[in-house]
Novice: 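Sending over a structure as structure tokens; questions will come in a sec.
The first residue in the sequence is number 1, and the count goes up from there.
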Amino acid sequence: MFFSRNKDLGHSDPLYKSLEIRNYNYSNEYFVFPKKAFNKFCENLVNDSKFLRAINILFEANQNKYSLSKCILYASCIETLSGLIKVNNIPKPIDSVRFEKSDIINILTKQINDSKELNEKDKVFLIEKKIKYINTPTNPDRLEQIFKKHSINLPLKFLKALAYRNFYLHGNIPKGKKLGSFDNDNYNRAFELLFLANVLALKAIGYNGFVKNYSAEMEYYSQKADGLKDKDILIDHSLYYSI
């Protein structure tokens with residue numbers, strides 16, 4: 001081991017590139033990763049096994065060369081990181097007062113109990129495991145509230161990306177083509193999920209600064225490859241966001 005070099009585990013998608021953000025005319029403090037945030041990052045790696053696991057998943061996703069694998073890993077990383085952040089009073093899908101007045105829980109419970117097709121085990125499962133949580137916020141709703149807790153109002157593009165978590169973690173692939181091929185579309189979605197994972201990880205360590213949105217770069221070059229000139233290229237989101 002003393003006569004060999006460690007394998008290079010770097011990747012081509014860093015959080016930001018200082019040469020690029022110089023164009024924003026911000027002060028030099030944004031060009032280098034903040035010492036305080038880096039210290040907190042190291043502390044979390046040592047003291048929080050769930051945070052360490054999330055970063056390991058993020059690291060593996062960054063190294064992975066397969067578009068679909070990257071999406072699944074980033075979605076898993078987001079799920080792990082979101083579990084580190086407690087959010088109270090998440091709005092329910094249906095207003096609580098109207099929901100209670102509807103008496104829907106009792107109505108459904110009676111229907112289940114009266115069913116002759118269901119056995120006792122089926123009834124207990126539906127009543128205890130399903131009906132109780134019928135007005136529970138969805139996973140994308142919960143994730144959105146986590147970002148709002150950090151005063152981050154995600155652009156529509158990334159709000160939609162929150163729903164990818166359900167697709168990829170349940171063995172599905174979001175429908176629709178944007179960049180024309182299976183790989184390109186999944187790479188693009190992977191970059192959207194990477195952005196969300198980076199934001200969650202960075203806010204967990206108190207980071208304030210820039211994060212690069214690689215999906216904007218990918219959309220730009222994909223449109224260039226299709227023969228579009230710069231004046232005809234349309235991208236409705238920014239290359240960099242300040243968090």
Novice: Check whether Phe38 and Leu52 end up in the same hydrophobic cluster, where Ile, Leu, Val, Met, Phe, Trp and Tyr are linked by side-chain heavy atoms less than 4.5 Å apart.
Specialist: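 Same cluster.
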Novice: I need the Glu100 CD to Asp103 CG distance, nearest 0.5 Å.
Specialist: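 So the gap between those two atoms works out to 8.5 Å.
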Novice: Taking the side chain as everything from C-beta on, heavy atoms only, tell me whether Glu192 gets closer than 4.5 Å to Ser215.
Specialist: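 Counting from C-beta outward, Glu192 and Ser215 do come under 4.5 Å.
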Novice: Would Tyr220 and Leu239 count as a side chain to side chain contact (heavy atoms under 4.5 Å, CB included) here? Give the steps.
Specialist: CA-CA 10 Å; Tyr220 171 79; Leu239 180 63; over 6 Å; no
Novice: If every non-hydrogen atom of Asn186 is compared with every non-hydrogen atom of Cys71, which pair is closest and at what distance?
Specialist: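 Where Asn186 meets Cys71 most closely, the heavy atoms are O-SG, 3.0 Å.
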Novice: Measuring from atom CG of Asn135 to atom CZ of Arg98, what distance do you get when rounded to the nearest 0.5 angstrom?
Specialist: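 Going from the CG atom of Asn135 to the CZ atom of Arg98 covers 9.5 Å.
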Novice: Measure from the ring center of Tyr16 to the ring center of Tyr240 and say whether it is less than 6.0 Å.
Specialist: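 Centroid distance Tyr16-Tyr240: not below 6.0 Å, so no.
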Novice: Please assess Asp185 against Arg189 for the test salt bridge (charged side-chain N to carboxylate O under 4.0 Å, His left out), listing each intermediate value before the final yes or no.
Specialist: CA-CA 6 Å; Asp185 283 322; Arg189 286 190 283 261; 5.3 Å; no
Novice: Between Leu73, Leu193, Ile57, which is the residue that forms a side-chain contact (heavy atoms from CB on, under 4.5 Å) with Ile78?
Specialist: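 Per the side-chain contact (heavy atoms from CB on, under 4.5 Å) rule, the option paired with Ile78 is Leu193, out of Leu73, Leu193, Ile57.
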Novice: Taking all heavy atoms of Phe51 and all of Ala201, pick out the closest pair and write down the distance.
Specialist: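 For Phe51 and Ala201, the tightest heavy-atom pair comes out as CE1-O, 4.1 Å.
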Novice: For Asn113 and Lys123, which heavy atoms make the closest approach, and how far apart are they?
Specialist: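 Nearest heavy atoms, Asn113 then Lys123: O-NZ, 2.9 Å.
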Novice: Under 4.5 Å between side-chain heavy atoms, hopping through other hydrophobics if needed: is there a path connecting Phe195 to Leu169?
Specialist: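 No; tracing contacts between hydrophobic side chains, which count when under 4.5 Å, never links both residues.
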Novice: Between Leu196 and Leu154, is any pair of side-chain heavy atoms under 4.5 Å apart?
Specialist: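 Answer yes - side chains close enough.
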Novice: Pair Leu194, Asn62 - check side chain to side chain contact (heavy atoms under 4.5 Å, CB included), show working.
Specialist: CA-CA 8 Å; Leu194 168 61; Asn62 286 338; 3.7 Å; yes
Novice: Is the shortest distance from a Lys or Arg side-chain nitrogen in Glu217 or Lys212 to a carboxylate oxygen in the other one below 4.0 Å?
Specialist: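 Salt bridge: yes.
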Novice: If we only count heavy atoms from C-beta on, is the Leu202 to Phe33 side-chain gap below 4.5 Å?
Specialist: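 Heavy-atom side-chain distance check passes, below 4.5 Å.
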Novice: Which atoms form the tightest heavy-atom contact between Phe182 and Leu68, and what is the distance?
Specialist: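 Looks like CZ-CD2, 4.2 Å.
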Novice: Could you check whether any side-chain heavy atom of Cys77 comes within less than 4.5 Å of a side-chain heavy atom of Arg53, counting everything from C-beta outward?
Specialist: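 No, too far: nothing below the 4.5 Å cut-off.
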Novice: Less than 4.5 Å apart, side chain to side chain, heavy atoms only: is that true for Lys160 and Leu156?
Specialist: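 A side-chain contact exists here, since the closest heavy-atom pair is under 4.5 Å.
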Novice: Distance-only, no hydrogens or angles: does the Asn213 side chain make a donor-acceptor pair with backbone N or O of Ser238 under 3.5 Å?
Specialist: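 Yes; at least one donor-acceptor contact below 3.5 Å.
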Novice: Rounded to the nearest 0.5 Å, what's the gap from OG1 on Thr109 to CD on Glu128? Could you check?
Specialist: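 Thr109 OG1 to Glu128 CD: 9.0 Å, rounded to 0.5 Å.
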Novice: Donor-acceptor check, side chain of Tyr207 to backbone of Lys36, threshold 3.5 angstrom: yes or no?
Specialist: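 Checked: no pair found.
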Novice: For a side chain to side chain contact (heavy atoms under 4.5 Å, CB included) check, start with the C-alpha distance between Phe147 and Leu162, then their side-chain angles and the critical distance, and finish with the verdict.
Specialist: CA-CA 11 Å; Phe147 283 92; Leu162 292 176; 3.8 Å; yes
Novice: Suppose we call two aromatic rings close when their centres sit under 6.0 Å apart. Are Phe191 and Tyr74 close by that rule?
Specialist: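 Between Tyr74 and Phe191, which both carry aromatic rings, the centre distance is not below 6.0 Å.
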Novice: Can you get from Tyr168 to Leu200 by hopping between Ile, Leu, Val, Met, Phe, Trp and Tyr side chains that sit under 4.5 Å apart?
Specialist: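 Same hydrophobic cluster.
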Novice: Evaluate salt bridge (charged side-chain N to carboxylate O under 4.0 Å, His left out) for Lys70 paired with Glu60, printing each intermediate quantity in order.
Specialist: CA-CA 8 Å; Lys70 289 174 83 72; Glu60 185 167 327; over 6 Å; no
Novice: What's the verdict on side chain to side chain donor-acceptor pair (under 3.5 Å) for Asn188 and Tyr214, showing C-alpha distance, side-chain angles and the deciding distance?
Specialist: CA-CA 8 Å; Asn188 195 43; Tyr214 284 92; over 6 Å; no
Novice: So, Asp232 side chain and Leu228 main chain: donor-acceptor pair closer than 3.5 Å or not?
Specialist: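 Here the side-chain-to-backbone pair does not exist.
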Novice: To the nearest 0.5 Å, what is the distance between CD on Glu144 and CZ on Phe158?
Specialist: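 The CD atom of Glu144 sits 14.0 Å away from the CZ atom of Phe158.
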Novice: Is the shortest side-chain heavy-atom distance between Asn208 and Ile243 below 4.5 Å?
Specialist: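 No, side chains not in contact.
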Novice: Looking only at atom types and distance, does a side-chain atom of Ser115 sit under 3.5 Å from a main-chain N or O of Ile112, one as donor and one as acceptor?
Specialist: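 Judged by distance alone, no pair lies under 3.5 Å.
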Novice: With a 4.5 Å cut-off on side-chain heavy-atom distances among I, L, V, M, F, W and Y, is there a chain of contacts connecting Val211 to Leu58?
Specialist: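 Cluster IDs for Val211 and Leu58 match.
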Novice: For Met218 versus Asn184, what's the shortest heavy-atom pair and its separation?
Specialist: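 For Met218 and Asn184, the tightest heavy-atom pair comes out as CE-O, 3.3 Å.
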Novice: Is there side-chain contact between Lys132 and Ile105, with heavy atoms separated by less than 4.5 Å?
Specialist: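 No, every pair of side-chain atoms sits at 4.5 Å or beyond.
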Novice: Let me see the working for Leu81 and Lys50 under side chain to side chain contact (heavy atoms under 4.5 Å, CB included), right down to the final yes or no.
Specialist: CA-CA 8 Å; Leu81 287 169; Lys50 185 176 281 190; over 6 Å; no
Novice: Do you know the tightest heavy-atom contact between Lys148 and Asn153?
Specialist: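 Smallest interatomic distance, heavy atoms only, reads CG-OD1, 4.3 Å.
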Novice: Are more than 12 heavy atoms, taken from residues, nucleotides or ligands other than Lys40, located less than 6.0 Å from that residue's NZ atom?
Specialist: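 Not more than 12 within 6.0 Å, no.
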Novice: Tell me, do Lys229 and Lys224 make a side-chain contact under 4.5 Å, heavy atoms counted?
Specialist: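 Not in contact.
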Novice: Report the distance from atom NZ of Lys110 to atom CG of Leu108, rounding to the nearest 0.5 Å.
Specialist: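 Reported value, rounded in 0.5 Å steps: 12.0 Å.
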Novice: If Ile, Leu, Val, Met, Phe, Trp and Tyr residues are connected whenever their side-chain heavy atoms lie under 4.5 Å apart, and connections chain through other members, are Leu126 and Val124 in the same group?
Specialist: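 The answer is no; the residues belong to distinct hydrophobic clusters.
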Novice: For the side chain of Ser96 and the backbone of Lys92, is there at least one donor-acceptor N/O pair under 3.5 Å apart?
Specialist: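 Looks like no, no N/O pair under 3.5 Å.
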Novice: To the nearest 0.5 Å, tell me how far Leu143 CG sits from Ser82 OG.
Specialist: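 One gets 5.0 Å once the value is rounded to the nearest 0.5 Å.
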